[in-house]
Number of protein chains: 2
Amino acid sequence: MPRTHSRRPALVHPDTGDIDLQDVLRALADPTRLTIVRTLRTDPERACGTFPVDVAPSTLTHHFRVLREAGVIRQREDGTRRWTALRLEDLDIRFPGLLDAILTAYAYANAADGTTHEQADD
Amino acid sequence: MPRTHSRRPALVHPDTGDIDLQDVLRALADPTRLTIVRTLRTDPERACGTFPVDVAPSTLTHHFRVLREAGVIRQREDGTRRWTALRLEDLDIRFPGLLDAILTAYAYANAADGTTHEQADD
DNA sequence: TTCGTCTTACGACTAACGTCGTATCATCGT
DNA sequence: ACGATGATACGACGTTAGTCGTAAGACGAA
């Protein structure tokens with residue numbers, strides 16, 4: 001009688017030591033996914049449906065899986081919702097300073113000019 | 001009578017301020033291209049054919065173009081050869097610390113375990 | 001000029017990716 | 001028990017990306 005998240009697919013997360021740089025870079029090389037990660041840096045944890053990206057739910061699920069399997073985010077279940085968080089510490093252990101450099105780079109470049117892309121900047 | 005590189009296609013390089021983070025991440029998210037960049041950090045400038053990657057020449061040209069148009073490398077012509085160099089300073093102006101974080105991440109992760117991929121490590 | 005070398009351009013093929021619609025499943029509230 | 005909600009799985013589609021072979025261009029040497 002497990003009452004919460006009993007027989008769901010089980011959310012695969014790679015171990016910190018197994019996170020692959022290529023996977024992380026590929027995961028972050030997509031505008032939608034980078035927006036997700038940027039959002040997550042501000043809000044530590046968020047429900048799936050609450051991200052400021054305008055794609056279909058199934059597409060969003062796909063992006064979450066890419067990020068999750070790359071080791072960038074961690075997802076946990078709570079009732080009918082799935083909460084998503086950045087694996088900040090794990091990433092910093094595996095690739096010190098990398099995620100921060102990328103997020104800072106985004107902010108820095110967008111402060112200098114606004115011509116990058118304005119997906120979900122509101 | 002221009003004697004060097006007279007009517008070649010003219011090598012398009014984006015201005016430093018136009019370098020796009022998404023493009024850089026996408027460019028670096030490929031094993032072959034990351035190997036090129038890693039090689040370039042050690043050797044400041046190299047001829048095209050001298051990179052330790054085993055792909056067809058035309059494929060190599062393709063990767064050089066991706067890196068060049070992303071603003072990661074700069075290429076200049078000298079006779080029949082084309083020399084390639086990293087745009088270290090430009091990238092550091094545009095995205096401070098980013099390239100170094102990525103290259104350091106690669107070295108760091110590969111020092112911990114050798115299971116990433118060994119393309120051209122000899 | 002002629003040849004050989006270095007590099008690219010072009011076209012083609014295949015695999016991977018981003019996108020979506022629909023169906024399904026688990027959970028919570030009534 | 002029933003319906004509504006949040007999220008996923010699956011299958012499909014079009015586009016992009018990585019790969020190669022072949023042809024062609026520019027340069028240097030003989």
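A note on names: the letters A, B, ... follow the listed sequences, proteins ahead of strands, and every chain is numbered from 1.
Checked against C:dA26, C:dT7, C:dT5, the side chain of B:Thr80 finds its nearest nucleotide in C:dT5.
For the ring-ring contact (aromatic ring centres under 6.0 Å, His included) condition, no pair includes a residue of residues 24-49 of chain B, sequence neighbours left out.
Rounded to 10 degrees, the angle separating the terminal axes of the helix from C:dT1-D:dA30 to C:dT30-D:dA1 is 20°, with each axis obtained from five end pairs.
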Sugar-phosphate means primed atoms, P, OP1 and OP2; the rest is base. With that split, encode nucleotides 13-20 of chain D 5' to 3' as B, S or - using protein heavy atoms under 4.0 Å. ----SBBB
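Applying the side chain to side chain contact (heavy atoms under 4.5 Å, CB included) rule to B:Thr104 yields the partners B:Arg41, B:Asp100; only residues at least two apart in sequence or on another chain are considered. Every side chain to side chain contact (heavy atoms under 4.5 Å, CB included) that B:Ala47 has, sequence neighbours left out, goes to B:Thr50, B:Arg81, B:Trp83. The side chain to side chain contact (heavy atoms under 4.5 Å, CB included) search around A:Arg87 returns A:His13, A:Pro14, A:Thr16, A:Ile19, A:Arg74, A:Asp90, not counting sequence neighbours. When the salt bridge (Lys or Arg N to Asp or Glu O under 4.0 Å) test is applied to B:Asp43, the partners found at least two apart in sequence or on another chain are B:Arg46. Partners of B:Leu88 under the side chain to side chain contact (heavy atoms under 4.5 Å, CB included) rule, at least two apart in sequence or in another chain, are B:Leu86, B:Leu99.
B:Thr32 has its side chain out of reach of B:Thr59: every pair of non-hydrogen atoms, C-beta onward, lies at least 4.5 Å apart. Inter-residue side-chain proximity for A:Arg94 and A:Leu91 is flagged as unmet; no heavy-atom pair is nearer than 4.5 Å.
Rounding to whole angstrom units, CD1 of residue B:Ile73 and P of C:dT7 are separated by 13 Å. As a whole-Å value, the separation of B:Leu11 CG from C:dT8 P is 8 Å. What separates CZ of B:Arg65 from P of C:dT8 is a distance of 9 Å, to the nearest Å. Whole-Å rounding puts the A:Asp78 CG to D:dT8 P distance at 14 Å. Rounded to whole Å, atom C1' of C:dC6 lies 12 Å from atom CD of B:Glu77. Here the C1' atom of nucleotide D:dT5 and the CG atom of A:Leu60 are 16 Å apart, to the nearest Å. As a whole-Å value, the separation of A:Phe51 CZ from D:dT8 P is 11 Å. Distance CZ (A:Arg46) to P (D:dG6): 15 Å, rounded to an integer number of Å.
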Can you give me every donor-acceptor pair (side chain of residues 63-71 of chain B, partner residue at least two apart or in another chain, under 3.5 Å) with its distance?
from    : atom 1 : to      : atom 2 : distance (Å)
B:His63 : ND1    : B:Arg33 : NH1    : 3.1
B:Arg68 : NH1    : B:Gln75 : OE1    : 2.5

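Using a 4.0 Å cut-off, no side-chain N or O of A:Arg81 falls inside it from OP1 or OP2 of D:dT5.
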